[in-house]
Engineer: 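The structure that follows is given in the form of structure tokens.
In what follows, chains carry the letters A, B, and so on, assigned in the order in which the sequence lines appear, proteins first and then strands, with residues in each chain numbered from 1. What you see below is based on every heavy atom in this structure, not just the backbone, and it leaves out hydrogens, waters and symmetry mates.
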2 protein chains.
Amino acid sequence: MVQKSKPPAAANEPKRRGRPRAYEPDVALGKALDLFRTQGFAATSLDDLSEATGMNRPSLYGAFGDKRELYIKSYQRYREDARASMIAIFRQEMPVRQRLERIYAAALNIYLSGETGPRGCFTVVTAASEAVGDPEIRAMVLEGLSELDKAFASCFRRAKEKGELPDSADPAALAQLASATVHSIAIRSRARVSRKELEGIVKGAIDVMVGVKP
Amino acid sequence: MVQKSKPPAAANEPKRRGRPRAYEPDVALGKALDLFRTQGFAATSLDDLSEATGMNRPSLYGAFGDKRELYIKSYQRYREDARASMIAIFRQEMPVRQRLERIYAAALNIYLSGETGPRGCFTVVTAASEAVGDPEIRAMVLEGLSELDKAFASCFRRAKEKGELPDSADPAALAQLASATVHSIAIRSRARVSRKELEGIVKGAIDVMVGVKP
DNA sequence: TGATTTTTGTACCATATCGCAAAATAATCC
DNA sequence: GGATTATTTTGCGATATGGTACAAAAATCA
């Protein structure tokens, strides 16, 4: 039930008043996210979360609110992380094909990571469970889905402007296909389809979207 | 707690010995499937199932086994139904585009049906939840995924033979894109994306896969 | 009619679950 | 050192959960 031995004494924080926390909120949230990603909301108990985070239930409650709030915060954290790794890829200038390859490689790294096996995409997992019954969560999922669509759309628009794609190419349609490929490998990864096979799917999809590599 | 008033006296059955069942296994399984599809395994309690099926728990247990077995049987039932509606579309001869349109229309009907709102694809829902932790269920999901891949692949192969697709077309890659589109609309439907929008995604995907309609 | 068989309905058990109250602990402030 | 503040720890309580035992019920069989 102990998370760390020595607090890194965050230099910026002025001076906390009462008993010092025995956990770091960030790493605790990360552990919670890990659990939720693999097991989902309903199948994850507060005891599970307590054990994984190293915080007992009242502390968990105090820090993050109830189970649902913790789930939401975990999901937000996931989105931030995912967005960060995507933005990095979008910043640099490179050919479409290469950009797509990098995006999918990053996605696969996220989806296949996990000590107990691959866990897929948390947006997809959440869509498949809580999204139907919880309007607030559903709104977040929708946002996550459309964010990806938009990123791909801008990617294809840029490519078209640079002449990498024929005039007939429809960036919006290509973007939704690119997103669909992401959703598909997310699903398949949870069924333990091998990385090799997933990479094959990605390659085939890219070939159809931007033309077979010369 | 009563499911029907009059048993339809199934003409084929010879003569059952003891007290007659107060439920029809088929409709009960259908109700269980409905619940599992919307809520998932963990979030569905035996009480929920008992109420929905009109059977009390001991009867449920006697008829289908424990909760997990009931889930598995529900999933098998779902797959049989889905397969039946696909086979019908594959039997008739028609242009690829039309065949694809029909397949996606059938899929959307399944995904968007439901009294309390859209429920998506049960294979996808199961992949996103139980598949990671339960090898037997995972195997069934894998089979469901690859069955769809194969159906699409044969669809594109036929189209290529008939000259509807260019020689350069790769049926396997196209099939995986077609499957990906199915997965994607399944996910999106659970986030309550409108039917209109989903149909737009489908149209865009078909255009990319078999060429824009002349 | 009475024995037999199958299913239902009630009640129950052991455990898990979520959430919280209250006391103990460890730091700072004065 | 004592007051204050923030956090941990222990433990509880109300309910939900999956599963089952057992008697009552409803049919057939002889």
Engineer: Indicate whether the side chain of B:Ser50 and that of B:Asp47 have a donor and an acceptor atom separated by less than 3.5 Å.
Structural biologist: no

Engineer: Quick check on D:dT7: is either OP1 or OP2 less than 4.0 Å from any side-chain nitrogen or oxygen of A:Ser59?
Structural biologist: no

Engineer: In whole angstrom, what separates B:Leu35's CG from D:dT17's P?
Structural biologist: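 The answer, rounded to whole Å, is 12 Å.
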
Engineer: Let me know the distance between CG of A:Leu49 and P of C:dA16, rounded to the nearest Å.
Structural biologist: 16 Å

Engineer: Using side-chain heavy atoms (C-beta onward) and a distance below 4.5 Å, is B:Phe152 in contact with B:Leu177?
Structural biologist: no

Engineer: Between atom CZ in A:Phe41 and atom C1' in C:dT17, what is the gap in whole Å?
Structural biologist: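 It works out to 12 Å between those atoms.
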
Engineer: Side chains of B:Arg190 and B:Pro118: closer than 4.5 Å at any heavy-atom pair?
Structural biologist: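 SC-SC contact between B:Arg190 and B:Pro118 ruled out.
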
Engineer: Ion pair present between B:Arg138 and B:Asp134, side-chain N to carboxylate O less than 4.0 angstrom?
Structural biologist: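 Answer for the salt bridge query: no.
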
Engineer: Can you list, by residue number, the residues of residues 60-75 of chain B that have a non-hydrogen atom closer than 4.0 angstrom to DNA chain C?
Structural biologist: none

Engineer: B:Ser179 versus A:Arg188: any side-chain heavy-atom pair under 4.5 Å?
Structural biologist: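 The answer is yes, as the side chains (C-beta and beyond) meet within the 4.5 Å cut-off.
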
Engineer: Quick one: pull up OG in B:Ser146 and CG in B:Asp149 and give me the separation to the nearest 0.5 Å.
Structural biologist: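 So the gap between those two atoms works out to 6.5 Å.
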
Engineer: Test the A:Arg68-A:Phe41 pair against the cation-pi criterion, namely NZ or CZ under 6.0 angstrom from the six-membered ring centroid and within 45° of the ring axis.
Structural biologist: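 Verdict for A:Phe41: no cation-pi partner in A:Arg68.
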
Engineer: What is the distance, rounded to the nearest whole Å, between atom CD of A:Glu51 and atom C1' of C:dA16?
Structural biologist: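 Roughly 15 Å, once rounded to whole Å.
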
Engineer: Return the value, rounded to whole Å, for the distance between atom CG of B:Leu46 and atom P of C:dC13.
Structural biologist: 19 Å

Engineer: What does the list of N/O pairs under 3.5 Å between the protein and nucleotides 2-6 of chain D look like, with a distance for each?
Structural biologist:
unit_1, atom_1, unit_2, atom_2, d
D:dT4, O2, A:Arg17, NH1, 3.4
D:dA6, O4', A:Gly18, N, 3.2
D:dA6, O3', A:Arg16, NH2, 3.3
D:dA6, N3, A:Arg19, N, 3.2

Engineer: Taking protein heavy atoms under 4.0 Å as touching, what does nucleotides 10-15 of chain D look like 5' to 3' if B marks base contact, S marks sugar-phosphate-only contact and - marks none?
Structural biologist: B-B---

Engineer: Taking all non-hydrogen atoms of both residues, which atom of B:Ser184 and which atom of A:His183 are closest, and how far apart?
Structural biologist: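 Nearest heavy atoms, B:Ser184 then A:His183: OG-ND1, 2.9 Å.
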
Engineer: Categorize B:Ser45 for me: base, sugar-phosphate, or nothing, with a 4.0 angstrom heavy-atom threshold over every strand shown.
Structural biologist: sugar-phosphate

Engineer: Please find out if less than 6.0 Å separates the ring center of B:Tyr71 from that of B:Tyr78.
Structural biologist: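 No: the rings miss the under 6.0 Å criterion.
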
Engineer: Passes side-chain contact (heavy atoms from CB on, under 4.5 Å), B:Glu130 versus B:Tyr75? Steps please.
Structural biologist: CA-CA 12 Å; B:Glu130 310 312 311; B:Tyr75 180 55; over 6 Å; no

Engineer: Compare all side-chain heavy atoms of B:Val96 with those of B:Cys155 and state whether any distance is below 4.5 angstrom.
Structural biologist: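 Heavy-atom side-chain distance check passes, below 4.5 Å.
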
